[in-house]
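Down below is the structure, laid out as structure tokens.
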Amino acid sequence: MSAPTSRDADAQPGVGVLDTRLTRLSREDFARDFWARRPLLTRAASDFTDLFAADAVDELISRRGLRTPFLRVAKDGATLPEASFTAPAGVGAMIADQLDDTALWRSFADGATLVLQALQRTWEPVADLVARLGTELGHPVQANAYVTPPQNRGFDDHYDVHDVFVLQIAGTKRWIVHEPVHPDPLRDQPWTDRRAAVEEAAKGEAHLDTVLAPGDVLYLPRGWLHAAEAQGAVSIHLTLGVHNWTRHALAEQLTRSALELLRDDPEMRASLTLGTDGPVDDLALVRERLVAALTETDPAPLFHRTRRGQARPAPLGPLAQLRAVDSLTPDAPVRLRGSLDARLEGRRLNTRVGWLDFTDEDLPAVRRLLDGRTRTAHDLGVALVERLLRAGVLVPAGR
């Protein structure tokens, strides 16, 4: 068995999520040596109990009124039907797919793993970390929690179609990792398409066989086979899933941009010739025009628009925002709302909450606010600040 690549958590820390909490490597070192290449095991990377713990599991399941698909239940490699752990919640809450804490307790006691999904939408400390990591990596990130009873596993050997950071929260879990049977799978190439190859590879020598303890972090690039089993106590771990942008995805954006450009070409809008031989006579012209469009077009606007749609901005409280508008004074501190993915393109500001056009007079102030620093309404212009507060682009500083 080849030894895992590890880092001592006492290494000199930096300032990003990667180096201060997950890997103790700078983003540059992580990108050069591990990103999309090979696993990385970091012992005692951080104390993660500020992010998530057993009390959070109980609160989410029993008190938050969560519905599917915010939870899955798995046992012996199979996912249980949603009807087995959901029910209406009584008067005024009769929606049938709410979590049934009694049914979940019985399943958990019987050895099932509880998977709390999309915690970036339901648990604030995790949401904050996910937002920071997504900004740092430049790829969308989501978070799930896996809660497994002692001596049980939720899923058999498989691979994911996204990279993961596994953060062990409580208990211990044994991880067995094998090299890919299909390196760098795309989103539509799940492990179930290669089930036989996965099962066969899992019988071979492991690349990594280790037990994660609280505070340990394991990074796995997409495609690496893995299975995990809780040891002598309940195991809780967070999985941060990095939904990688790929060259294939960029090619899709480039092709879509080129096709949009070709809509304005009268010859490309023309009908194919009559006959049963198909498009043979037209293929040369189409290929020539398509290659020219691919060379000419810029996929960046479409790329950024698509990326903006894959995440949400930082939370916004309507009542607090209204107070900020109503009490706006020249010395009021404001800042750009978090996770907006704001980009100024010409006179237009594109964000995850829509777009706004500005006059030449306002553009210098808009450029200043994009650095994320706190500004006063006087510095940016009170009228501009009010407009941006109403649009949900600016928020009071300190929120």
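Just so you know, these numbers come straight off a predicted model, no measurement behind them.
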Shortest non-hydrogen pair, Leu302 vs Ser257, comes out as CD2-OG, 3.8 Å

Sequence neighbours excluded, the answer for salt bridge (Lys or Arg N to Asp or Glu O under 4.0 Å) partners of Arg387 is none

Any donor-acceptor pair under 3.5 Å from His304 side chain to Arg343 backbone: no

Ignoring hydrogens and angles, state whether a donor on the side chain of Asn144 or Gln142 is under 3.5 Å from an acceptor on the partner side chain. yes

Between Lys173 and Glu229, does any NZ, NE, NH1 or NH2 come within less than 4.0 Å of an OD or OE carboxylate oxygen? no

If you apply the rule side-chain contact (heavy atoms from CB on, under 4.5 Å), what do you find for Leu238 with Phe165, and how did you get there? CA-CA 8 Å; Leu238 285 176; Phe165 291 91; over 6 Å; no

Run Val166 and Val217 through side-chain contact (heavy atoms from CB on, under 4.5 Å) and show every step you take. CA-CA 5 Å; Val166 177; Val217 175; over 6 Å; no

I'd like to know if the side chain of Asp160 and the backbone of His162 have a donor-acceptor N/O pair within less than 3.5 Å. no

For the residue pair Asp47 / Thr49, report whether a side-chain donor-acceptor contact shorter than 3.5 Å exists. yes

Can you check whether Asp156's main-chain N or O pairs, donor with acceptor, with His158's side chain at less than 3.5 Å? yes

Thr42 side, atom OG1; Asp19 side, atom CG - distance, nearest 0.5 Å: 11.0 Å

By salt bridge (Lys or Arg N to Asp or Glu O under 4.0 Å), Arg32 pairs with (sequence neighbours left out) Asp29

Counting N and O atoms only, with roles assigned by atom type, does the side chain of Thr351 sit under 3.5 Å from a partner on the main chain of Val353, one being a donor and the other an acceptor? yes

How many angstroms lie between atom CG of Leu344 and atom CZ of Arg347, to the nearest 0.5 angstrom? 10.5 Å

Are any side-chain N or O atoms of Arg24 and backbone N or O atoms of Ala45, one a donor and one an acceptor, separated by less than 3.5 Å? yes

Could you give me the CA-CA distance, side-chain angles and deciding distance for Glu386 and Arg390, then say whether salt bridge (charged side-chain N to carboxylate O under 4.0 Å, His left out) is met? CA-CA 6 Å; Glu386 180 177 352; Arg390 291 187 179 279; 3.2 Å; yes

Going by distance alone, is a donor N or O of one side chain under 3.5 Å from an acceptor N or O of the other, for Gln117 and Thr122? no

For the side chain of Arg312 and the backbone of Gln120, is there at least one donor-acceptor N/O pair under 3.5 Å apart? no

Value for CG (Leu349) from CG (Leu340), rounded to nearest 0.5 Å, stands at 8.0 Å

Would the distance check show the side chain of Tyr159 and the main-chain N or O of Pro190 forming a donor-acceptor pair, the cut-off being under 3.5 Å? yes

Identify, with sequence neighbours excluded, every residue that meets side chain to side chain contact (heavy atoms under 4.5 Å, CB included) alongside Ala131. Ser339

What I want to check is whether the side chains of Gln253 and Thr306 have a donor and an acceptor closer together than 3.5 Å. yes

Before we go on, tell me: are the rings of His207 and Trp224 under 6.0 Å apart, centre to centre? yes

Is it true that Leu363 and Val393 fall in one hydrophobic cluster, defined by side-chain heavy atoms closer than 4.5 Å? yes

Heavy-atom donor-acceptor pair, Arg27 side chain to Gly16 backbone, under 3.5 Å: no

Thr86 side, atom OG1; Leu71 side, atom CG - distance, nearest 0.5 Å: 10.0 Å

Sole candidate of His139, Arg222, Arg187 that passes side-chain hydrogen bond (donor to acceptor under 3.5 Å, both in side chains) when paired with His243: Arg187

Under the side-chain contact (heavy atoms from CB on, under 4.5 Å) criterion, do Arg67 and Leu99 qualify, and how do the steps go? CA-CA 6 Å; Arg67 303 170 58 189; Leu99 304 189; over 6 Å; no

Under the side chain to side chain donor-acceptor pair (under 3.5 Å) criterion, do Ser235 and His237 qualify, and how do the steps go? CA-CA 7 Å; Ser235 168; His237 78 259; 4.6 Å; no

Qualifying residues under side-chain hydrogen bond (donor to acceptor under 3.5 Å, both in side chains), relative to Glu267, sequence neighbours excluded: Arg289

If I take atom OG1 from residue Thr374 and atom CG from residue Leu369, how far apart are they, to the nearest 0.5 angstrom? 11.5 Å

Step by step, would you call Leu328 with Leu389 a side-chain contact (heavy atoms from CB on, under 4.5 Å)? CA-CA 10 Å; Leu328 184 62; Leu389 285 170; 4.1 Å; yes

Note: Arg21-Asp50 ion pair, threshold 4.0 Å (strictly below): yes

Glu345-Asn350 side chain donor-acceptor pair, cut-off 3.5 Å: yes

Polar side-chain atom of Arg38 near backbone of Asp33 as donor-acceptor pair, under 3.5 Å: yes

Partner set under side chain to side chain contact (heavy atoms under 4.5 Å, CB included) for Ala213, not counting sequence neighbours: Thr172, Asp216

When rounded to the nearest 0.5 angstrom, what is the spacing between CG in Leu319 and CD in Gln321? 10.5 Å

In terms of heavy-atom contacts, Val181 and Ala197 come closest through CG1-O, 3.7 Å

Arg368: side chain to side chain contact (heavy atoms under 4.5 Å, CB included) partners, not counting sequence neighbours: Pro364, Ala365, Arg375, Asp379, Leu380

Can Arg106 and Ser84 be counted as having a side-chain donor-acceptor contact under 3.5 angstrom? no

